[in-house]
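Comments concern the structure below.
When a residue number appears, it is its place in the shown sequence, counting from 1. These figures come from a predicted structure and were not determined experimentally.
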Amino acid sequence: MPRLSEVIAALENLWPAERAESWDAVGTVVGDPAQEVTRVLFAVDPVQEIVDEAVQLGADLLVTHHPLYLRGTTTVAATHFKGRVVHTLIKNDVALHVAHTNADTADPGVSDALAGALDLRVVRPLVPDPADPEGRRGLGRVCELDHPLTVRELAARAAERLPATAQGIRVAGDPEAVVRTIAVSGGSGDSLFDQVRAAGVDAFLTADLRHHPASEAVAHSPLALLDAAHWATEWPWCELAASQLDEISDRHGWDLRVHVSKTVTDPWTAHAASPATAHPSPTTTLPTSASRAPSDTTGAPN
């Protein structure tokens, strides 16, 4: 069995810490480099529910996309929920490793996994990494559809293919507009509108779109916006990352057992649609994902 230090070295090769943003907090948070690793769990959020799942699974290593302490701390007392996470991890010999913005810009990275979940063909990074001479790394991806779809049809595909959340998929723009090219960015993406417009795509799928940037974006051009839940746009990366570690394990003869959590940790738990009569003008209802439905055992949470 490999030691934690060996597995972490392999993960750092996939997502080097030096490629993370300066404000980010990536790398190993908890763990003894000498401990043996036999089972690994991937998840988006290092919350108590996921840590308890890792303990129940018998995992030696939990790898998450989101950091536990993004802004640092002065205490890990168990009186605080993050402190309880640390205590649970240490008491049960579970290491925690984080790959965040260094996984966003990787090749392949978070947005490649998002594009793959929607059967989109990746053309290039939306915001290329100038340090990559091959032009494959960077933030977001510019993609082509396998065949043209209306915005309505594309939203339905996203609602069907991404893990189900209370939010489902929100749309801004003409639902009947035709989409041939699309930019995608896992996680919060409304800081990228300048790059999206420069890419000349028909639509942009991301998460956490705020009112003013979205309003200005649709007023600026016929660009269609598809706003999914933050967690749902990043969960596909867990499956990609797990497959990458599986391949490394096979190559080194480690025989690791690698798992992906299907626990829904999106914070929103319910959605009440406004009746059309409550609006001064008619609205369009698009297909949405079910509200926090149970996980299934064969694919993405749904």
Side-chain angles (χ1 to χ4, degrees), residues 11 14-16 19-21 24 26 42-45 63-67 98-132 134-146 149 154-155 157-163 165 167 169-170 179-209 213-214 217 223-245 260 266 300:
L11 299 182
L14 292 174
W15 317 298
R19 291 183 186 156
E21 296 290 339
D24 206 358
V26 301
F42 282 85
V44 175
D45 297 302
V63 181
T64 65
H65 182 52
H66 289 153
V98 172
H100 192 212
T101 53
N102 48 334
D104 286 334
T105 58
D107 172 35
V110 171
S111 293
D112 293 291
L114 175 57
L118 300 178
D119 283 340
L120 305 174
R121 186 177 73 84
V122 173
V123 176
R124 63 183 185 276
L126 177 62
V127 185
D129 179 353
D132 177 20
E134 296 183 4
R136 297 178 59 88
R137 294 197 311 267
L139 189 61
R141 295 294 184 267
V142 174
C143 306
E144 294 178 345
L145 277 69
D146 48 4
L149 294 175
L154 183 58
R157 178 189 287 193
E160 177 185 0
R161 303 286 181 83
L162 295 180
T165 61
Q167 173 180 317
I169 308 296
R170 299 191 301 174
V179 178
R180 295 178 175 84
T181 59
I182 181 172
V184 301
S185 182
S188 304
D190 65 12
S191 65
L192 302 174
F193 278 130
D194 287 345
Q195 291 88 345
V196 171
R197 282 191 287 267
V201 293
D202 303 313
F204 180 35
L205 187 149
T206 187
D208 297 342
L209 290 180
L223 177 72
L225 305 179
L226 289 84
D227 182 39
H230 189 122
W231 174 84
T233 64
E234 294 179 332
W235 185 86
W237 171 80
C238 296
E239 290 199 321
L240 169 64
S243 69
Q244 290 177 286
L245 183 56
V260 174
D266 184 71

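- Among pairs with a residue in residues 183-195, those fulfilling salt bridge (charged side-chain N to carboxylate O under 4.0 Å, His left out) read Asp190-Arg210, Asp194-Arg197, at least two apart in sequence or across chains.
- Note: Cys143 SG to Leu126 CG = 9.5 Å, rounded to the nearest 0.5 Å.
- Arg141 places a side-chain N or O within donor-acceptor distance of the main-chain N or O of Gly138, the cut-off being under 3.5 Å.
- Remark: Asp132 engages no residue in a side-chain hydrogen bond (donor to acceptor under 3.5 Å, both in side chains) (not counting sequence neighbours).
- In this structure a side-chain-to-backbone donor-acceptor pair under 3.5 Å is present from Thr101 to Glu21.
- The backbone N or O of Gly186 lies less than 3.5 Å from no partner atom in the side chain of Thr206, so there is not a single donor-acceptor pair.
- Counting only residues at least two apart or on different chains, the salt bridge (charged side-chain N to carboxylate O under 4.0 Å, His left out) pairs with a member in residues 224-233 are Arg170-Asp227.
- Checked against side-chain hydrogen bond (donor to acceptor under 3.5 Å, both in side chains), Arg19 has no partners two or more places apart in sequence or in another chain.
- Under a 3.5 Å cut-off, the side chain of Asp104 and the backbone N or O of Leu139 do not form any donor-acceptor pair.
- For Arg180, there are no side-chain hydrogen bond (donor to acceptor under 3.5 Å, both in side chains) partners two or more places apart in sequence or in a different chain.
- When the side-chain hydrogen bond (donor to acceptor under 3.5 Å, both in side chains) test is applied to His100, the partners found at least two apart in sequence or on another chain are Asp24.
- In this structure, the side chain of His65 does not engage the main chain of Val98 through any donor-acceptor pair within 3.5 Å.
- A donor-acceptor pair is defined here as one N or O able to donate and one able to accept, closer than 3.5 Å; such a pair exists between the side chain of Asp202 and the backbone of Thr181.
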